[in-house]
Amino acid sequence: MSVSDSTSSYKAVIYADPPSTKTEVVDLDIPEPDVGQVLVRLHYSGVCHTDYSFCTNGFVGAPPTMKGQIGGHEGIGEVVKLGPGVVLPAVGTRVGIKYAADACLNCEPCLLGGETSCTQVKISGFYTPGTFQQYCLTSAKYATVIPDGLPSDAAAPLMCAGITVYSALTRGGVKPGDWVLVTGAGGGLGHLGVQYARALGARVLAVDHGSKEDLCRSLGADEFVDFSQFPANEPPGESQMAARIRELTAGGVKIALMCSSNSGTYEQAVYWLRFRGTIVCVGVPDNAAVMAGSPMMFLEKELRMIGVKTANRQEAVETLALAAKGAIKTHFEVRPMGELTQIFEEMEKGMLRGRVVLDLR
Ligand SMILES: [Zn+2]
Ligand SMILES: [Zn+2]
C-alpha cells in the first residue's frame, strides 16, 4: 500500500465501536499542518497495550474513547510538510511520535522534565489522532529525530516501550555493576528493560515464566527466576521466591523494574531490595491494593519507590542513541494495518511474543 504525492487521501485505522476491539480501515483527506506543526508520512507504528486499553475503555477514571478515534503512539515516519513558521525538523527528516504528542513546556511538570504529565499534554491516539495512519500532524517541537542507522520498524517500539524503560532505569539511579531485577522480562516492555539495563552496565536478574528463560538469557540476563516454580500465595515476608532472589544477588537488587502488571510481584517486591534499593513502578496492575512492606522496612533499608509514566524529550534522544549504537535488539513482527482488531484480540489473550509493528507504507 503506498500513497503518491499526487493523491489527497490516505488510509487510517479507526476504533470503530469502543469499548469493543472493532477497528476499520478508512480513507481520509491529508490534513494541512497548522502553526507549529509538521505533517509526517508515517511508515511504521508499534502497537502498545495502552492502545488496547484506550480502544476498550480499560482505564478506570479516564473519559471514554470516541468512536472513530485513531489510536497509536509509537510512530516513525518522514516529515513531508512544514506548518507556518516551522523551520525544524526539516522536510525529509525521519521523526518519531511518542505517547505525549505535545506539551506546553512551561508548567511545573514540564519545567521539571516531566512533560508527559503536562497540564495541557496531548496524548497521541487519545483525543488526538494517533499513529495508526499513513499521515499524521504533530508538534514540530515535540517530534523526536531518529538517528541514522536505526531502522524505522525496529525504532517504532522504542518510542513508548523503549523510552519508558530507559527513563525508569535512569531515574531509578542505575549504576554500573548494580543488580537490576526486571519483572515480565520476556514481554514487550521487559525485553527492552533487560537490554537497556545491560547497556547501562547493570547485572540483570530476569523474572518471568520458564518458557521465556531462553529469550531472557539471549538478551543478556545474568540470572533467571521462573515465578511459576514458587508457591503463589505465601505471605510476602516469607516468600521463597524473594529468598531465592536475595540469594542470587548476594543480598538483594538495587532496582526492581516492574514491567509486569501482575499484582503478586508488587506484593513481594520490597523483599527483593538491598540497602537503598528502589522499586520503579511501570506496569499497572488491575487491582489497587498491591504493595506490601512497612514504613519501618523503608526506613531501615532506606528504600525508595517511584513511578515513571514515560520519558521526556531528552530521555527519548538518549534511548535512541543507545539503540543506534547497536546495543538494543527490538523483538517485533510487522503486520498489516487491517489486522489491528486481531492484534488486540491476541493481546487480550496474551498470545503475542514481542511487539507488533503496523506497516503503514
Ligand atoms: Zn505505550
Ligand atoms: Zn506543560
Side-chain angles (χ1 to χ4, degrees), residues 13 15 36 42 44-59 62 65 69-76 96-133 136 138-144 153-168 184 187-193 196 257-261 280-285 307-316 319-320 323 328 330-332 340 343-344 347-348 352 354-358:
V13 200
Y15 299 159
L42 289 167
Y44 294 99
S45 175
V47 183
C48 176
H49 194 271
T50 298
D51 297 312
Y52 164 79
S53 297
F54 281 142
C55 185
T56 56
N57 290 338
F59 289 119
T65 299
Q69 173 73 51
I70 299 165
H73 55 263
E74 292 184 343
I76 306 284
I97 297 174
K98 305 176 288 299
Y99 174 81
D102 201 5
C104 81
L105 307 183
N106 288 317
C107 69
E108 185 180 355
C110 279
L111 289 171
L112 292 171
E115 299 151 12
T116 50
S117 295
C118 173
T119 54
Q120 294 169 59
V121 69
K122 284 202 168 69
I123 298 169
S124 176
F126 188 61
Y127 289 81
T128 300
T131 56
F132 297 157
Q133 54 178 342
C136 187
T138 200
S139 160
K141 64 178 190 275
Y142 215 80
T144 299
D153 50 1
L158 300 179
M159 299 314 296
C160 176
I163 67 177
T164 301
V165 295
Y166 173 81
S167 55
L189 274 172
H191 89 283
L192 293 170
Y196 273 104
L257 180 63
M258 308 300 283
C259 292
S260 165
S261 54
V280 188
C281 307
V282 177
V284 187
V308 173
K309 207 181 281 176
T310 180
N312 62 29
R313 294 177 301 164
Q314 173 61 21
E315 289 162 333
T319 303
L320 294 172
I328 308 298
T330 316
H331 284 241
F332 64 95
L340 186 58
I343 293 161
F344 280 157
M347 201 174 252
E348 197 170 59
L352 294 179
R355 208 68 159 178
V356 170
V357 172
L358 293 186

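What you see is a predicted model; the values in this text were computed from it and never measured. Values below: all heavy atoms of this structure, side chains included; hydrogens, waters and symmetry mates excluded. When a ligand or atom number is given, it counts from 1 through the structure's own listing order.
- The aromatic rings of His331 and His191 stand perpendicular to each other, their planes meeting at an angle above 60°, with 30° marking the opposite boundary.
- Considering the Zn ion (ligand 2) as centre, the angle to SG of Cys107 and to SG of Cys104 is 110° (10° rounding).
- Under the 3.5 Å distance criterion, with hydrogens and angles disregarded, no donor-acceptor pair is assigned to the side chains of Glu315 and Tyr166.
- Put simply, the residue from Val121, Thr310, Leu105 that forms a side-chain contact (heavy atoms from CB on, under 4.5 Å) with Glu115 is Leu105.
- A parallel orientation is assigned to the rings of Phe126 and Phe54, their planes being inclined by less than 30° (bins at 30° and 60°).
- Vertex the Zn ion (ligand 1), arms ending at SG of Cys48 and NE2 of His73: the angle is 110° after rounding to 10 degrees.
- Distance check for His49 against the Zn ion (ligand 1): none of its N/O/S atoms falls below 2.8 Å.
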